[in-house]
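We use all heavy atoms of the structure for the numbers below, so side chains are in, but hydrogens, waters and symmetry mates are not. Just so it is clear, the model here is predicted, and its values are computed rather than measured.
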Amino acid sequence: MSQLEQSPIERDIMEYDVVVVGAGPAGLSFAIRLKQLSPETSVCVIEKGATVGAHILSGAVIEPAPLDALLPGWRDAPPPICVPASEDEFWMLSKTGHRKLPLPPGMHNHGNFIVSLGALCAWLAPQAEALGVEIFPGFAAAETLHDEGGKVIGVRIGDMGIAKDGSHKPGFTAGIDIHAKVTVLGEGARGSLTKQLVRRFALDANSDPQSYSIGIKELWQLPAGRVTPGKIVHTFGWPADNRTYGGSFLYHLDKDRVAIGYVSGLDYHDPDYKPWEAFQQWKAHPLIAPLLEGGNIVSAGARAIVTGGWQSLPKVEMPGALLIGDGAGLLNVPKVKGTHQAIRSGMLAAEHLAATQLVADGFDARLRASDAMKELKKVRNIKPGFKKGLWFGMANAAWETVTGGLSPWTLKQSADWSSLDRLGTAEPAHDYVQRTLVPRDRLQGVFFASTSHDEDQPIHLKVADTNICATKCVEEFGNPCTRFCPAAVYEMVEDSSQPYGKRLQINAANCVHCKTCDIKDPYEIINWVTPEGGSGPNYQNL
């Protein structure tokens with residue numbers, strides 16, 4: 001037997017009543033609520049990040065009502081970053097100017113809080129553990145387990161210590177199997193197991209394709225006296241052109257810190273669009289640059305954001321398993337908020353399982369009848385309206401807001417990968433990325449994300465046919481993966497043996513787990529799978 005032909009692996013088995021994949025706000029809220037209602041139920045949470053919160057990134061402004069219901073006394077001992085919202089501003093940017101606009105109804109933040117979602121999850125984890133929840137960070141759920149009838153019966157943790165060539169290194173450890181009566185998927189946007197289960201059980205058969213954006217965020221330390229704690233600023237317009245959905249957030253925290261970020265809709269058309277560079281350009285705008293001058297980046301990262309809403313919600317139950325949070329797609333785009341929806345859905349799933357003695361059946365109907373879905377239905381047409389351009393989107397958003405979402409129609413959505421124009425057919429870009437911007441390498445963003453992967457492990461970005469990258473994609477799209485990835489994972493290097501003199505090089509160690517490549521690749525040949533547990537970014541207060 002060769003080194004690569006390993007003998008069958010004997011795996012340890014752990015058994016719980018419920019296993020949760022993902023220690024985000026949905027998964028932790030689910031675990032806390034289930035133990036509150038049913039203390040005798042055994043619950044474990046699996047988290048692929050090295051620590052709870054290491055892979056969590058969001059704006060984030062939260063509506064506190066669901067957290068009030070989950071943990072009524074939380075305000076007496078709040079998470080480390082928790083700043084009451086004090087004022088809101090909404091700006092439309094041009095290349096050199098800006099105009100203040102009336103605040104859309106959903107963006108009034110009085111009574112809300114600015115938080116670090118990663119810090120919030122790290123704060124929730126010990127409260128779950130105090131109730132008896134077992135949390136295992138640093139263990140990636142690599143696949144789901146099924147019985148002979150196809151029912152989900154748990155998950156398998158990915159093996160540790162496999163070399164890039166597939167051989168077992170001296171420290172090899174076989175991943176354990178976790179068996180459970182119910183598996184709850186709270187993986188966040190474009191979760192790798194969620195994607196497999198949606199396909200296996202055709203959960204999206206009666207919904208539109210899911211839609212996404214990429215959000216790129218930085219935490220800055222600024223000179224003393226420049227920050228107004230609680231101030232919330234949103235912008236749209238430049239540097240995105242009128243066909244590209246884009247906007248920013250700027251949240252004033254405590255201790256002279258600000259959280260800033262830029263969101264680009266992944267339904268963009270121009271194959272030359274660069275989300276990361278657009279963010280850098282936004283920072284150079286006259287409205288933003290004076291605030292940041294003299295400051296320093298503390299932490300940075302990127303992640304996909306689920307924006308499909310009501311009409312893209314898949315069925316959220318299947319035999320033996322449930323979907324919650326961003327994995328289900330519950331973010332409210334006009335509000336620029338999803339955490340309250342994640343907590344809501346986690347609590348609702350826990351209440352359902354407690355009432356049914358751990359039977360998943362019926363949760364889909366329960367979620368669709370809940371306040372979480374009523375909220376999404378009212379705004380279902382706002383984000384899809386921007387697919388027809390900025391001005392149509394604004395007019396449509398105003399109409400939908402005035403009518404309270406009572407339009408008799410529902411706008412359809414298409415998959416983001418299908419929106420990319422061929423080279424030479426896109427409308428000319430409106431200088432959304434100036435070449436005069438002071439250069440800043442994407443690898444600096446990887447550094448500030450504290451990303452770490454063992455170089456000698458299998459590449460977790462599976463490209464089905466790299467010949468397409470070196471031939472068809474060069475000609476049709478100019479290899480957009482080299483532009484939409486914020487971490488310089490994909491690189492076309494010179495190779496005279498290839499038809500166009502190039503070949504794809506995958507710098508997997510750079511990956512910040514944003515999943516953009518899995519979503520936007522126009523040929524759907526990139527499949528993001530979990531790397532070794534504990535790999536990836538280690539976000540600090542993002």
Side-chain angles (χ1 to χ4, degrees), residues 22-36 45 47 49 51-88 107-133 135 137 186 188 217-222 224 227-233 249-261 298-299 301 325-326 331-332 335-347 350 538-542:
L28 291 171
S29 298
F30 165 85
I32 289 170
R33 186 60 177 149
L34 185 56
K35 293 295 282 188
Q36 288 173 340
V45 179
E47 167 56 42
T51 60
V52 174
H55 290 181
I56 302 291
L57 182 153
S58 182
V61 175
I62 64 168
E63 294 184 0
L67 193 55
D68 289 337
L70 180 68
L71 298 168
W74 74 271
R75 296 171 194 242
D76 297 330
I81 297 179
C82 186
V83 181
S86 61
E87 58 181 295
D88 291 285
M107 296 174 70
H108 288 272
N109 285 298
H110 178 73
N112 295 334
F113 293 85
I114 307 171
V115 302
S116 157
L117 195 59
L120 175 67
C121 291
W123 171 84
L124 283 171
Q127 300 185 64
E129 289 175 321
L131 294 170
V133 177
I135 301 177
K217 179 182 177 181
E218 294 175 347
L219 177 66
W220 281 63
Q221 184 73 51
L222 299 185
V227 171
T228 305
K231 184 177 180 179
I232 295 171
V233 180
F249 61 86
L250 194 160
Y251 301 153
H252 290 238
L253 306 173
D254 56 2
K255 301 179 181 178
D256 299 305
R257 297 175 293 183
V258 293
I260 65 172
V298 177
S299 186
D326 264 4
L331 181 133
N332 184 321
K335 278 188 176 182
V336 202
K337 295 177 186 68
T339 303
H340 67 294
Q341 293 278 77
I343 295 173
R344 269 179 176 172
S345 68
M347 293 176 66
N538 185 19
Y539 295 142
Q540 303 298 312
N541 293 323
L542 290 185

For this session: Go through Leu28 and Val52 one step at a time and tell me if the side chain to side chain contact (heavy atoms under 4.5 Å, CB included) criterion holds.
Result: CA-CA 10 Å; Leu28 291 171; Val52 174; 4.2 Å; yes

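- Atom CG in Leu71 sits 5.5 Å away from atom CH2 in Trp123 (nearest 0.5 Å).
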Exercise. Is there a side chain to side chain contact (heavy atoms under 4.5 Å, CB included) between Leu253 and Ile114 once you walk through the steps?
Worked result: CA-CA 7 Å; Leu253 306 173; Ile114 307 171; 3.3 Å; yes

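- When all heavy atoms of Ala342 and Pro25 are compared, the pair lying nearest together is CB-CG, 4.2 Å.
- Taking Tyr539 as the reference, nothing meets the ring-ring contact (aromatic ring centres under 6.0 Å, His included) condition, with sequence neighbours excluded.
- Using a 4.5 Å heavy-atom threshold, the side chains of Pro79 and Trp74 count as touching.
- Listed for the Ser299 side chain is a donor-acceptor partner under 3.5 Å among the backbone atoms of Gln540.
- With sequence neighbours excluded, no residue forms a salt bridge (charged side-chain N to carboxylate O under 4.0 Å, His left out) with Lys337.
- Across Leu57 and Gly301, no two heavy atoms sit closer than the pair CD1-C, 3.3 Å.
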Problem set entry | side chain to side chain contact (heavy atoms under 4.5 Å, CB included) evaluation trace for Leu131 with Ile32 | CA-CA 7 Å; Leu131 294 170; Ile32 289 170; 3.8 Å; yes

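- Looking only at distances, a side-chain donor or acceptor of Ser86 sits under 3.5 Å from a matching main-chain atom of Pro229.
- Val298 has its side chain out of reach of Asn541: every pair of non-hydrogen atoms, C-beta onward, lies at least 4.5 Å apart.
- Residues Glu87 and Thr228 come closest through the heavy atom pair OE2-CG2, 3.7 Å.
- The shortest heavy-atom contact between Asn332 and Lys335 is OD1-N, 3.1 Å.
- Residue Ile135 comes nearest to Ala128 through the heavy atom pair CD1-CB, 4.2 Å, listed as atom of the first residue, atom of the second, then distance.
- Here the side chain of Gln36 pairs a donor or acceptor atom with the backbone of Leu70 at under 3.5 angstrom.
- If you take CG on Leu331 and OG on Ser58, they are separated by 8.0 Å, rounding to the nearest 0.5 Å.
- The distance from atom CG of Asp88 to atom CG of Asn109, rounded to the nearest 0.5 Å, is 4.5 Å.
- For the pair Cys82 and Phe113, the tightest heavy-atom approach, listed with the atom from each and the gap, is SG-CD2, 3.6 Å.
- Side-chain N or O atoms of Ser345 include one that pairs as donor or acceptor with a backbone N or O of Gly325 at under 3.5 Å.
- Of the possible donor and acceptor atoms, none in the side chain of Glu63 sits under 3.5 Å from a partner among the backbone N and O of His340.
- Two residues are said to be in side-chain contact when any heavy atoms from C-beta on lie closer than 4.5 Å; Val336 and Val61 fail this criterion.
- Panel note: side chain Asp68, backbone Pro66; no donor-acceptor pair is recorded below 3.5 Å.
- Put simply, the side chain of Arg257 gets close to the backbone of Asp254: a donor and an acceptor are under 3.5 Å apart.
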